[in-house]
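See structure below.
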Protein chains: 4
Amino acid sequence: MRGVNKVILIGNLGRDPDVQFLEGNIAVAKFSLATTETFKDRAGKLISQTEWHTVVLWRGLAELAQKYLHKGSLVYIEGRLRTRSWEDKEGNKKFATEVVGDNLVMLDKRMDVGNGDHAISHGSGSSTGQQSGPGHHGEGFPGIEIPPMGEAADDLPF
Amino acid sequence: MRGVNKVILIGNLGRDPDVQFLEGNIAVAKFSLATTETFKDRAGKLISQTEWHTVVLWRGLAELAQKYLHKGSLVYIEGRLRTRSWEDKEGNKKFATEVVGDNLVMLDKRMDVGNGDHAISHGSGSSTGQQSGPGHHGEGFPGIEIPPMGEAADDLPF
Amino acid sequence: MRGVNKVILIGNLGRDPDVQFLEGNIAVAKFSLATTETFKDRAGKLISQTEWHTVVLWRGLAELAQKYLHKGSLVYIEGRLRTRSWEDKEGNKKFATEVVGDNLVMLDKRMDVGNGDHAISHGSGSSTGQQSGPGHHGEGFPGIEIPPMGEAADDLPF
Amino acid sequence: MRGVNKVILIGNLGRDPDVQFLEGNIAVAKFSLATTETFKDRAGKLISQTEWHTVVLWRGLAELAQKYLHKGSLVYIEGRLRTRSWEDKEGNKKFATEVVGDNLVMLDKRMDVGNGDHAISHGSGSSTGQQSGPGHHGEGFPGIEIPPMGEAADDLPF
DNA sequence: TTTT
DNA sequence: TTTT
């Protein structure tokens, strides 16, 4: 990688998520998210400003959105920007920038997830899906983010 | 700047904030914040892992913490890492790493702030405190983040 | 604020910045930024994927862009998403999502800035521009992010 | 997950990385990273402030650090905070806060990596290590972050 | 349209 | 202990 493309949002869903299933039973969720920032201008007047984002979630995260998110839900979304372009029937060039989420935290329901993919059967059978996101580890083979620092600290010469 | 030092936390306060006032009536708040990440290990077992952070807030943010935060509050904190070192009475070198917050969003109370400094009398009188953080603007002199894009869009040759 | 709207990008400028000056001599810079991520797919093949973003900078940051950035420059941009909509002459609804930057770090030139606004004469004369961004402090009145922790540590009862 | 614990740093290595191999041939790299922020105080004087962080990398990222990083290297690190505590021989309680990195971008060498783990043989054989980080996809089974938006866009009813 |  |  020679780049970073990261978005962090906290806001409320404008509507229930729109969830579709593609071939292979792959879930895709889409919803609008409003992030509202309030501040005082120089005159001391409270100003509120809302920005709307299109959020897209895939697979496990999409299924979680379907199960747990609804209009008004407060969520934390971490993801990356993706701009798609196409031409409509009249031949007009169209652009849409979306936030493709790879982490989701539900902030009003006391429930949440890491990279939801880990909870989903991959179909490919042997997949063990070790994602980064929050941090995952294995049994005999601890993952990257949760190294055996506790027990194995003695092995560390630092 | 040739560097970036940024921390983003969402978690719960372990205790009520400890708020002190220094000379000049400058507020400083300090509290422990627990960030808990849950995930499945390779065996599919749900693992929960909590990390504790020391958060320090100054001035307006400290006063907001005093007013609105308490043990258990769920907050979003954005700030930077700061490590202090000193020697205790026995001459042992001690280190403490803290997160100095410059943005705070309260996630269970439906109330929150940008860079709290803007809401606070600066004592220096003329202070006009134009902060970045969330975005602020003035009257005759619009701020950086909230440019007159709406009205002035026609002026923009892009 | 009841929301967070944050974008972090590292990438290269596709062209020299386009800088304009609005009424009041306010600078606005605009440029395309490519963020490229490379990774291996499941077959082990190296995949490179580039996303293009429109970055907008105001005032001091715009002037810095004009002075120091050019086609190919590698930069770190921190900002927020802003979607504008309008109708073109044919009455087609158009959308454009931009990243309004409030922090900039130049990564190939060994020079960089915080929230550039502080380094720029505001014309309004009295401006004292205390921004958050990196951290600023004053003389008799230290700022939020750089509290007198060093000297004043003894005052702190923590 | 009911929490977020995220750190983003850009800075220079103070020394060459210290790389160790644990049982199972698991690499661990450790180094100090200096993040320097420069700004003007209220008097207009340029102030430079350096913070030192301890960064820990595991497995693939550690091996990349060993191969490509050295004293002075400029890097982007994304990770999470982890505080360890122990007692030294005199029975003094000690704390150390580290940044456990799960993404690394080299900014002076024109070379870089995603979550390096994907490039590393896991030894456990069957591991397929699909991490989030930058975004990964497969052949017949596209990953989360790089969905077949291009081709499959027609399948999307949005 | 960038970069490696 | 880095870097500009």
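Sequence lines set the chain letters: A, B, ... in the order given, protein chains first and strands last, and positions in each chain run from 1. Please read these numbers as outputs of a predicted model, since none were measured by experiment.
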**OP:** Please state how far atom CG in C/Leu74 lies from atom P in E/dT2, giving the value in whole angstrom units.
**Re:** 15 Å

Subject >> Minimum-distance nucleotide to C/Ala34 side chain [options: E/dT2, F/dT2, E/dT1] >> reply: E/dT2

Original post:
D/Leu9 has an atom CG; how far is it from atom C1' of F/dT2, in whole Å?
Top reply: 13 Å

Original post:
Just wondering, do C/Val28 and C/Val19 contact through their side chains at under 4.5 Å, heavy atoms?
Top reply: no

Subject >> Length of the line joining D/Lys71:NZ and F/dT4:C1', which is rounded to integer Å >> reply: 16 Å

Original post:
Whole-Å distance between F/dT3 C1' and D/Tyr76 OH?
Top reply: 19 Å

**OP:** Please tell me if the side chains of C/Phe31 and C/Thr54 come closer than 4.5 Å, counting only heavy atoms from C-beta onward.
**Re:** no

**OP:** Would you mind reading off the distance between D/Leu64 atom CG and E/dT4 atom C1', rounded to a whole angstrom?
**Re:** 15 Å

Original post:
Is there a side-chain contact between A/Val7 and C/Leu81, using heavy atoms and a 4.5 Å cut-off?
Top reply: yes

Original post:
Once you round it to whole Å, what is the distance between P of E/dT3 and CG of C/Asn12?
Top reply: 6 Å

Subject >> Side-chain touch B/His53/B/Leu9, heavy atoms, less than 4.5 angstrom >> reply: yes

Original post:
Can you tell me how far C1' of F/dT2 sits from NZ of D/Lys30, to the nearest Å?
Top reply: 18 Å

Original post:
Which nucleotide, E/dT2, F/dT1, E/dT1, lies nearest any side-chain atom of C/Ser32?
Top reply: E/dT1

**OP:** Report yes if the ring of C/Trp52 lies under 5.5 Å from the six-membered base ring of E/dT2 with planes under 30°, and no otherwise.
**Re:** no

Original post:
Base, sugar-phosphate, or nothing: which does C/Thr50 touch, judged by heavy atoms less than 4.0 Å apart?
Top reply: base

Subject >> Minimum-distance nucleotide to D/Arg15 side chain [options: F/dT1, E/dT2, E/dT1] >> reply: F/dT1

**OP:** In whole angstrom, give the distance that lies between atom CD1 of D/Ile10 and atom P of F/dT4.
**Re:** 15 Å

